[in-house]
Number of protein chains: 2
Amino acid sequence: MLGTPSRDRVAERRSATRREILDAAWEVARDHGLAQITLRDVAQRVAMRAPSLYSHFDSKNAIYDAMFADAWTECLAVMRATADKIPNDARAAIRLYSRTFFDFAVSDLARHQLMNQRTIPGFEPSPEAYAPAVEALDDLHAHLARYGVTRQEDVDLSIALVGGLIDLQLANDPGGDRYSRLLDRVVDMYADNLGLPA
Amino acid sequence: MLGTPSRDRVAERRSATRREILDAAWEVARDHGLAQITLRDVAQRVAMRAPSLYSHFDSKNAIYDAMFADAWTECLAVMRATADKIPNDARAAIRLYSRTFFDFAVSDLARHQLMNQRTIPGFEPSPEAYAPAVEALDDLHAHLARYGVTRQEDVDLSIALVGGLIDLQLANDPGGDRYSRLLDRVVDMYADNLGLPA
DNA sequence: GTCTATACACCGATAGAC
DNA sequence: GTCTATCGGTGTATAGAC
């Protein structure tokens, strides 16, 4: 069948177009803010009209959903990339793990708002988009378990401690280190409280 | 001047109308979410048309601004109402202070989003609206100073610790106590780290 | 002064031609 | 699959009634 592209080629082109749209959406989010994304603005950056986006995404929230999956997939990759550099010492290990997540979160405000805050009015991530986030959480549990930290409330606490610093860093000193430099201290407080060896 | 209300009466009526509009706005925020406030919805609850609100507020953001001042003024009042119940013991005092703020924040999601997060797209509080927030922060500094906690980074840390728990409580277990019950433990971690007497 | 009526520009979303 | 046209909704501005 001359001139008829294979089914794979078609699927590949569709997937590439989806990727271009998502990249454009991230661009808009970083330029004007996550909540300020408009379909017309995204469409313009991929040389389309706004309604054409509906051929690739069911709704604006579906774009947010794919971006949510994007963000947590990348986070998972970053966290696992440091997994083999993790030292044996428990405190040093938790410090590195926390620092990696902190730096990842703080380096992109729009991404952090999408991943960790409920800043978009009607948006709730779908179970599929949530999957990599659950995977990252499972990794955290496994990571802490290596040092004997297995109680749910202890894991909850570690998330609260790091999250509190991230939020303030982004809100009150974006690009600075006012709260970033408190991270190691907080991890040590945490380790002390759990009775981990100094 | 029979039938001509005094200047005071007029100002009083205007102020009362402003109050009614703000109360209606809070109602909408709690019913549908802070970002879902629409002028038409607020107007309907005070038996007006949307454009009439512009006789009392310059813009929608001006309503958010007045609500922001509202929230921090109330917070300040709540915090000061417990000020005379503060025990002498440093740890117990910081525990009570933290608990009071935690409970206040957690009891109203919309209010917390307005006070402590940047969830409304174009909104930035005016200096006047910010004043009670600054006052509350000054109170916190003075409170901690009574126990020898004066370094900026130590104050920052206390805010991050409590704030991290508040955010997770509202996001992951609204109405529950999953993170609330970790608050005293966090305060003790903090006190230990600062070397406060046990 | 206060409110209404009307209008504008923009948004997400849909219908239908090609 | 992409387009044009359009719909109901939003915040906002203004002219004019009372």
Side-chain angles (χ1 to χ4, degrees), chain A residues 3-22 24-25 28-29 31-68 114 119-124 126, chain B residues 1 3-22 24-25 28-29 31-68 114 119-124:
Chain A
T4 303
S6 74
R7 197 140 25 187
D8 280 5
R9 296 279 295 178
V10 171
E12 192 178 309
R13 187 74 203 92
R14 262 194 75 79
S15 170
T17 305
R18 261 181 76 97
R19 187 66 261 156
E20 285 173 36
I21 292 171
L22 286 177
V28 177
D31 285 0
H32 300 97
L34 182 68
Q36 278 70 28
I37 292 179
T38 73
L39 296 183
R40 285 165 175 83
D41 201 349
V42 172
Q44 191 179 20
R45 302 203 188 206
V46 292
M48 279 188 187
R49 307 295 177 183
S52 304
L53 299 179
Y54 282 85
S55 299
H56 301 274
F57 293 93
D58 286 340
S59 67
K60 185 183 179 181
N61 273 0
I63 296 181
Y64 280 127
D65 203 54
M67 294 171 75
F68 183 90
L114 183 59
T119 179
I120 302 300
F123 170 64
E124 203 77 27
S126 65
Chain B
M1 301 285 257
T4 303
S6 73
R7 196 141 27 187
D8 280 5
R9 294 279 296 177
V10 171
E12 192 179 309
R13 187 75 203 90
R14 260 195 77 78
S15 169
T17 304
R18 262 182 75 97
R19 188 66 261 156
E20 285 172 38
I21 292 172
L22 287 177
V28 176
D31 286 358
H32 301 98
L34 182 69
Q36 278 71 25
I37 293 179
T38 72
L39 296 183
R40 286 164 175 85
D41 201 350
V42 172
Q44 190 179 24
R45 302 203 188 206
V46 293
M48 278 187 190
R49 308 294 178 187
S52 303
L53 298 178
Y54 281 84
S55 299
H56 302 274
F57 293 94
D58 286 340
S59 69
K60 186 183 179 182
N61 273 0
I63 296 181
Y64 280 127
D65 203 54
M67 293 172 75
F68 183 89
L114 183 59
T119 178
I120 302 300
F123 170 63
E124 203 76 26

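We name chains A, B, ... by the order of the sequence lines, and we start the count at 1 in each one. Computed over heavy atoms, backbone and side chain alike; hydrogens, waters and symmetry mates excluded.
A/T17 comes within 4.0 angstrom of nothing in the nucleic acid, heavy atoms only. Among the atoms of the strands shown, none is found under 4.0 Å from any heavy atom of B/I63. A/R13 comes within 4.0 angstrom of no nucleic acid atom, judged by non-hydrogen atoms across all strands. Using a 4.0 Å heavy-atom criterion, one finds that B/I37 contacts the sugar-phosphate atoms exclusively.
Between the B/Y64 side chain and the B/S59 main chain, no donor and acceptor come within less than 3.5 Å of each other. Here the side chain of B/R18 pairs a donor or acceptor atom with the backbone of B/H56 at under 3.5 angstrom. In this structure, B/R45 contributes its side chain and B/A25 its backbone to no donor-acceptor pair below 3.5 Å.
The nearest whole Å value for the distance from the CG atom in B/D41 to the P atom in D/dG9 is 13 Å. If you take CD of B/Q44 and P of D/dG11, they are 13 Å apart, rounded to a whole angstrom. The nearest whole Å value for the distance from the CG atom in B/D58 to the C1' atom in D/dT12 is 12 Å. Distance B/F57 CZ to D/dA13 C1': 18 Å, rounded to the nearest Å. The interatomic distance linking A/Y54 (OH) with C/dA15 (P) rounds to 12 Å, in whole Å. For A/L39 and D/dT4, the CG to P distance is 16 Å, given to the nearest whole Å.
Applying the 4.0 Å criterion to OP1 and OP2 of D/dA5, one finds that A/R49 has every side-chain N and O outside that range. A sub-4.0 Å separation between OP1 or OP2 of C/dT2 and a side-chain N or O of B/S52 is absent. Under 4.0 angstrom from either OP1 or OP2 of C/dC3 there lies at least one side-chain N or O belonging to B/H56.
Salt-bridge annotation for A/R13 and A/E20: present, with a side-chain N of the basic residue lying under 4.0 Å from a carboxylate O of the acidic one.
Within a 6.0 Å sphere centred on CZ of A/R19, other residues, nucleotides and ligands contribute more than 12 heavy atoms.
Side-chain atoms of B/R40 and base atoms of D/dG9 include no donor and acceptor less than 3.5 Å apart.
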